[in-house]
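Positions are given from 1, in the same order as the sequence printed here.
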Amino acid sequence: MSLNKVILIGNVGKDPDVRYFDNGAAVVNFPLATSERGYTLSNGTVIPERTEWHNIVIRRSDLVTFVEKWVKKGSGLYVEGKIRTRNYDDQSGIKRYVTEIHVDRVEFYSTGSRPGVDTNTQSAPTAVTQPVQQPVISDQQPTAASPMSPQIESNDADDLPF
């Protein structure tokens, strides 16, 4: 079994580039920045903040419409998709490689207030996703602990967290 799934939370680096084709299809491209905070080690060594840039590609028409209407430079996004690498020969004949994230799901995500970024999205929807198949609920109790059915160790009602 194998799995190709990427989840990123970051900020849009520039306004999305939307291109429409003669056959009615569309594609959106934009860079997404993810950052790891800087910190200082106990010995005084300063580790600076590290920012990675990801090339985001969206082809699904419902997601293209959402991004075109609501997403702009500085928007905080949660994206899910697949990582894909393609190659091409540049003008000098040198083979170049490009790694892209082909997105299946997009949601707004508040990454905190950033100076100079307009956080007023009017009444923007919070997410556009593929329909999710709902789990089947059974009357049978699970016979063994599984990740989908957490087991409670204590039957004492005083241990409730609320």
Side-chain angles (χ1 to χ4, degrees), residues 1-40 46-138 146-150 161-162:
M1 181 178 163
S2 64
L3 175 67
N4 180 354
K5 183 168 186 157
V6 176
I7 298 174
L8 298 171
I9 297 173
N11 293 91
V12 177
K14 69 175 191 172
D15 287 338
D17 176 33
V18 182
R19 289 179 283 149
Y20 289 93
F21 301 101
D22 292 337
N23 64 1
V27 65
V28 174
N29 295 293
F30 60 88
L32 186 76
T34 58
S35 297
E36 296 177 36
R37 285 191 168 170
Y39 56 93
T40 304
V46 175
I47 307 298
E49 179 178 289
R50 179 183 172 122
T51 301
E52 294 286 337
W53 288 94
H54 310 277
N55 297 314
I56 304 299
V57 177
I58 301 174
R59 295 184 186 280
R60 280 189 32 207
S61 60
D62 58 336
L63 296 180
V64 168
T65 304
F66 172 80
V67 169
E68 182 176 35
K69 185 173 182 176
W70 298 106
V71 176
K72 62 183 178 178
K73 179 180 179 178
S75 296
L77 293 183
Y78 166 95
V79 298
E80 286 183 21
K82 294 177 172 62
I83 190 166
R84 293 197 179 149
T85 303
R86 61 182 173 87
N87 61 58
Y88 66 95
D89 294 328
D90 69 6
Q91 294 175 348
S92 307
I94 299 172
K95 186 169 282 211
R96 302 285 181 180
Y97 294 89
V98 178
T99 301
E100 300 169 325
I101 308 301
H102 287 248
V103 173
D104 300 320
R105 180 177 177 178
V106 174
E107 292 184 25
F108 277 108
Y109 187 86
S110 176
T111 56
S113 179
R114 294 186 55 191
V117 176
D118 179 16
T119 58
N120 179 11
T121 58
Q122 298 168 359
S123 60
T126 59
V128 173
T129 63
Q130 258 180 318
V132 176
Q133 186 176 13
Q134 293 297 319
V136 177
I137 299 174
S138 171
S146 72
M148 298 304 288
S149 59
F162 46 87

Novice: With rounding to the nearest 0.5 angstrom, report the CG to CD distance, Asp17 to Glu68.
Specialist: 10.5 Å
Novice: Please name the pair of heavy atoms, one in Tyr109 and one in Tyr78, separated by the smallest distance, quoted to 0.1 Å.
Specialist: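 For Tyr109 and Tyr78, the tightest heavy-atom pair comes out as CB-N, 3.9 Å.
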Novice: Please tabulate, one pair per line, all N/O donor-acceptor pairs under 3.5 Å involving side-chain atoms of residues 23-40, not counting sequence neighbours.
Specialist:
unit_1: Asn23; atom_1: OD1; unit_2: Ala25; atom_2: N; d: 2.9
unit_1: Thr34; atom_1: OG1; unit_2: His54; atom_2: NE2; d: 2.8
unit_1: Ser35; atom_1: OG; unit_2: Thr51; atom_2: OG1; d: 3.0

Novice: For the CG atom of Asn4 and the NZ atom of Lys82, what is their distance to the nearest 0.5 Å?
Specialist: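 NZ of Lys82 is found 6.5 Å from CG of Asn4.
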Novice: Can you tell me how far apart CG (Asp104) and CG (Leu63) are? Round to the nearest 0.5 Å.
Specialist: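 CG of Leu63 is found 8.0 Å from CG of Asp104.
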Novice: About how many Å separate CG of Asn11 and CG of Leu77, when rounded to the nearest 0.5 Å?
Specialist: 8.0 Å
Novice: What distance separates Arg84 CZ from Asn55 CG, expressed to the nearest 0.5 Å?
Specialist: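 Here the interatomic distance stands at 14.5 Å.
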Novice: Among residues at least two apart in sequence or on other chains, which ones pass side chain to side chain donor-acceptor pair (under 3.5 Å) with Lys5?
Specialist: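 Partners of Lys5 by the side chain to side chain donor-acceptor pair (under 3.5 Å) criterion, ordered by chain and then number, come out as Glu80.
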Novice: Look up atom CD1 in Ile9 and atom CD1 in Ile7, then write down how far apart they are to the nearest 0.5 Å.
Specialist: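 Rounded to the nearest 0.5 Å, the CD1-CD1 separation comes to 8.0 Å.
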Novice: So, does Asp15 use its side chain to make a donor-acceptor pair with the main chain of Lys73 at under 3.5 Å?
Specialist: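 Yes: the side chain of Asp15 pairs with the backbone of Lys73.
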Novice: What are the two closest heavy atoms between Leu8 and Val6, and how far apart are they?
Specialist: CG-CG1, 3.7 Å
Novice: Quick check: do His102 and Glu100 have side-chain heavy atoms less than 4.5 Å from each other?
Specialist: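 Heavy-atom side-chain distance check passes, below 4.5 Å.
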